[in-house]
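Both counts, for ligands and for their atoms, begin at 1 and track the order of listing.
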Amino acid sequence: MKYFNKILIANRGEIAIRVMRACRELGIETVAIYSEPDKNSLHVKYADEAYLVGEAHPSKSYLNKDKIIKTALQSGAEAIHPGYGFLAENSEFAKLCEEEGITFIGPSWKCIEEMGSKLGSKHMMEKAGVPVLPYTPDGVTSVDDAKKIAGNIGYPVIVKASAGGGGIGMQIVESEAELEEAIEKGMRIAKSAFGDSTVFIEKYLVKPRHIEFQVLCDQQGNRVHLYDRECSIQRRHQKLVEEAPCPIMTDELREKMSQSALKVAEVSGYYNAGTVEFLYSDGEYYFMEMNTRLQVEHTVTEMITGIDLVRQQIKVAAGEELSLSQEDINLHGHAIECRINAEDPLNNFTADPGKIVRYRSPGGPGIRVDSGIHMGYSIPPMYDSMISKLCSWGVDRQESIERMRRAIYEYVILGVRTTLPLHHAIMNNKEFVAGNTHTHFLKEEHIKNS
Ligand SMILES: Nc1ncc2cc(-c3cccc4ccccc34)c(N3CC[C@@H](N)C3)nc2n1
Ligand SMILES: [Ca+2]
């Protein structure tokens, strides 16, 4: 079944190739866009046609909405897949696509806009009975009100940007004396990073786990979840290791959290693939936000369910009903993803772009490599430092760890420093192996000399 004749992928690197693979399997032609420095990159080689959209800087290329839409119209692409990052959660772009008669492979622009407000989405979910952390329902309007509410919530509290992402602007506040300054700093950062100074305060959880649920919804109101992922090993809010299912999940907790995730999808009028993020601490979970895009770590969900999420996205975007019922979605085994970044873990993870002079990727039982690099490729400095995703599947967590260790051992990338040594250390760390992964894992002593 061909859902579209041609799809433009408005992205680069591994995720562009990932989408092109799903298209090729479905007999759908692919259109790549690329910036000047990406002219020899893999996603350009892989596509059926490729168009230069501008200079290196994202604002001139991968964020250049008009140029991308013009290229779609010129190439005859009926749909655009945004990948993740760049314009994936840009409601204005999704709206422009709709106005130009181009199918945006994702949710409605209205849903993207609403879920883009952390404060608004918390409101919506609280009203729907989904657990949320105690917070300032009207955001921070005055310092005196904030002090009163924060006092009722109980310190420590955290100041967060409503239009924010990736933890930018987050301020942890231990006592009332620090609150005013934290609010001012949070608002300043929010204004400069997101053009919206709205901040809110919520109860701070000291060592939560980041547990998220994959949901998949069609435009006819059918909704399923594809189980849970744990993404607690992060550094500066960049995830490094993700796994599915969450190691501490129980049937009872999964039943409650998946119902909450489906409720979030329902009240937000969601369709296509999405992720509901929760914080978990001491047996309780709290809605944090809804990500209205396919995520980097969709891979581990695909490996434990056998479902191709990009294929499902294309199908739903074409107006098809889900052919999957919840009973059809079975969890089998355990999968782990290690993000391989061109960064130097021993030099504060500073990006280390450059030419790859030796490249050998792992393989064999249970290994999946989604990468945008090849021998001789020069990693450009102006984009995200993630160059590859190394995933392993095993019949259980122990086997997936053993396979990941082997794959890291096999993986050869010379010419740039990478996070491979860090992942080697994590996969051999007794806390990780025991499943004790919480959000400050990387700060702990035992990961120091990786
Ligand atoms: N109320 C409250 N309490 C503790 C938190 C702790 C974090 C956090 C901070 C740093 C690393 C983390 C890793 C996994 C899960 C959460 C975190 C957090 N965020 C938000 C953005 C995301 N990248 C991390 N929000 C929190 N919110
Ligand atoms: Ca988000």
Side-chain angles (χ1 to χ4, degrees), residues 84-85 89 115-119 121-123 125-126 130-137 139-140 146 149-150 152-174 178-179 182-183 186 189-190 193-194 198-213 228-244 246-249 257 275-293 295-297 300 337-339 349 384 386 422 426 431-432 435-444 447:
Y84 50 67
E89 295 185 287
M115 293 301 106
S117 162
K118 287 196 177 33
L119 187 54
S121 59
K122 268 174 82 103
H123 252 297
M125 302 318 155
E126 183 183 29
V130 175
V132 298
L133 280 165
Y135 71 115
T136 50
V140 173
I149 298 174
N152 295 337
I153 290 174
Y155 291 91
V157 297
I158 185 168
V159 178
K160 284 186 172 179
S162 178
I168 296 169
M170 273 171 43
Q171 309 289 318
I172 301 167
V173 184
E174 302 290 350
E178 301 163 15
L179 188 60
I183 288 170
I189 295 171
F194 313 112
T198 309
V199 295
F200 64 95
I201 294 168
E202 66 180 18
K203 180 67 190 159
Y204 179 67
L205 298 174
V206 177
K207 285 193 174 180
R209 284 172 180 260
H210 174 130
I211 300 174
E212 58 188 33
F213 273 75
D228 34 285
R229 295 188 288 257
E230 166 139 11
C231 316
S232 296
I233 299 188
Q234 302 184 16
R235 188 185 167 281
R236 287 206 188 141
H237 305 290
Q238 289 300 322
K239 296 167 182 171
L240 278 167
V241 176
E242 302 106 335
E243 58 184 301
C246 161
I248 57 147
M249 191 55 69
M257 292 184 80
T275 295
V276 183
E277 287 188 10
F278 298 97
L279 287 180
Y280 172 89
S281 181
D282 297 332
E284 299 299 328
Y285 67 91
Y286 311 91
F287 169 78
M288 188 155 72
E289 62 182 299
M290 169 139 212
N291 293 327
T292 57
R293 68 178 188 277
Q295 299 204 176
V296 171
E297 63 269 27
V300 294
E337 175 178 83
C338 288
R339 296 192 191 195
F349 292 85
D384 187 89
M386 189 177 80
L422 170 68
I426 292 172
E431 289 293 283
F432 176 78
N436 299 336
T437 49
H438 48 73
T439 57
H440 301 283
F441 180 87
L442 276 187
K443 286 185 187 146
E444 309 292 337
I447 211 71

Give me the atom names and distance for the closest heavy-atom approach of R339 to E297.
NH2-OE1, 3.1 Å
With no hydrogens and no angle check, is any side-chain donor or acceptor of H210 less than 3.5 Å from a backbone partner on E277?
no
Which ligand 1 atoms, with their elements, are less than 4.0 angstrom from a heavy-atom of L133?
1 (N)
Proximal atoms of ligand 1 relative to H210 (non-hydrogen, under 4.0 Å):
14 (C), 15 (C)
Any salt bridge between K160 and E289, counting N to O under 4.0 Å?
no
Checking heavy-atom distances from atom 10 (C) of ligand 1 to each of E230, E202, R235, H237, the winner is H237
Which atom pairs, one a donor and one an acceptor, fall under 3.5 Å between side chains of residues 281-288 and the rest of the protein, sequence neighbours left out?
from, atom 1, to, atom 2, distance (Å)
Y285, OH, K256, O, 3.3
Y285, OH, S260, OG, 2.7

With heavy atoms and a 4.0 Å threshold, my read on which part of K160 contacts ligand 1 is side chain
With only distance considered, is L205 within less than 3.5 Å of ligand 1 through an N or O on each side?
yes
Pick one of side chain, backbone, both or neither for how V206 approaches ligand 1, counting any non-hydrogen atom pair under 4.0 Å.
neither
Any donor and acceptor pair, going by atom type alone, linking the side chain of Q295 with main-chain N or O of R293 inside 3.5 Å?
no
Within 45° cone of F200 ring axis and under 6.0 Å: K122 NZ or CZ:
no
For R229, is there an ion pair with E242 - N to carboxylate O distance below 4.0 angstrom?
no
Q234 versus ligand 1: do any nitrogen or oxygen atoms come within less than 3.5 Å of each other?
yes
Option set M170, R236, K207, criterion heavy-atom distance to atom 19 (N) of ligand 1, minimum
M170
Mind checking whether E277 has a heavy atom under 4.0 Å from ligand 1?
no
Structural part of I158 in contact with ligand 1, heavy atom criterion under 4.0 angstrom
side chain
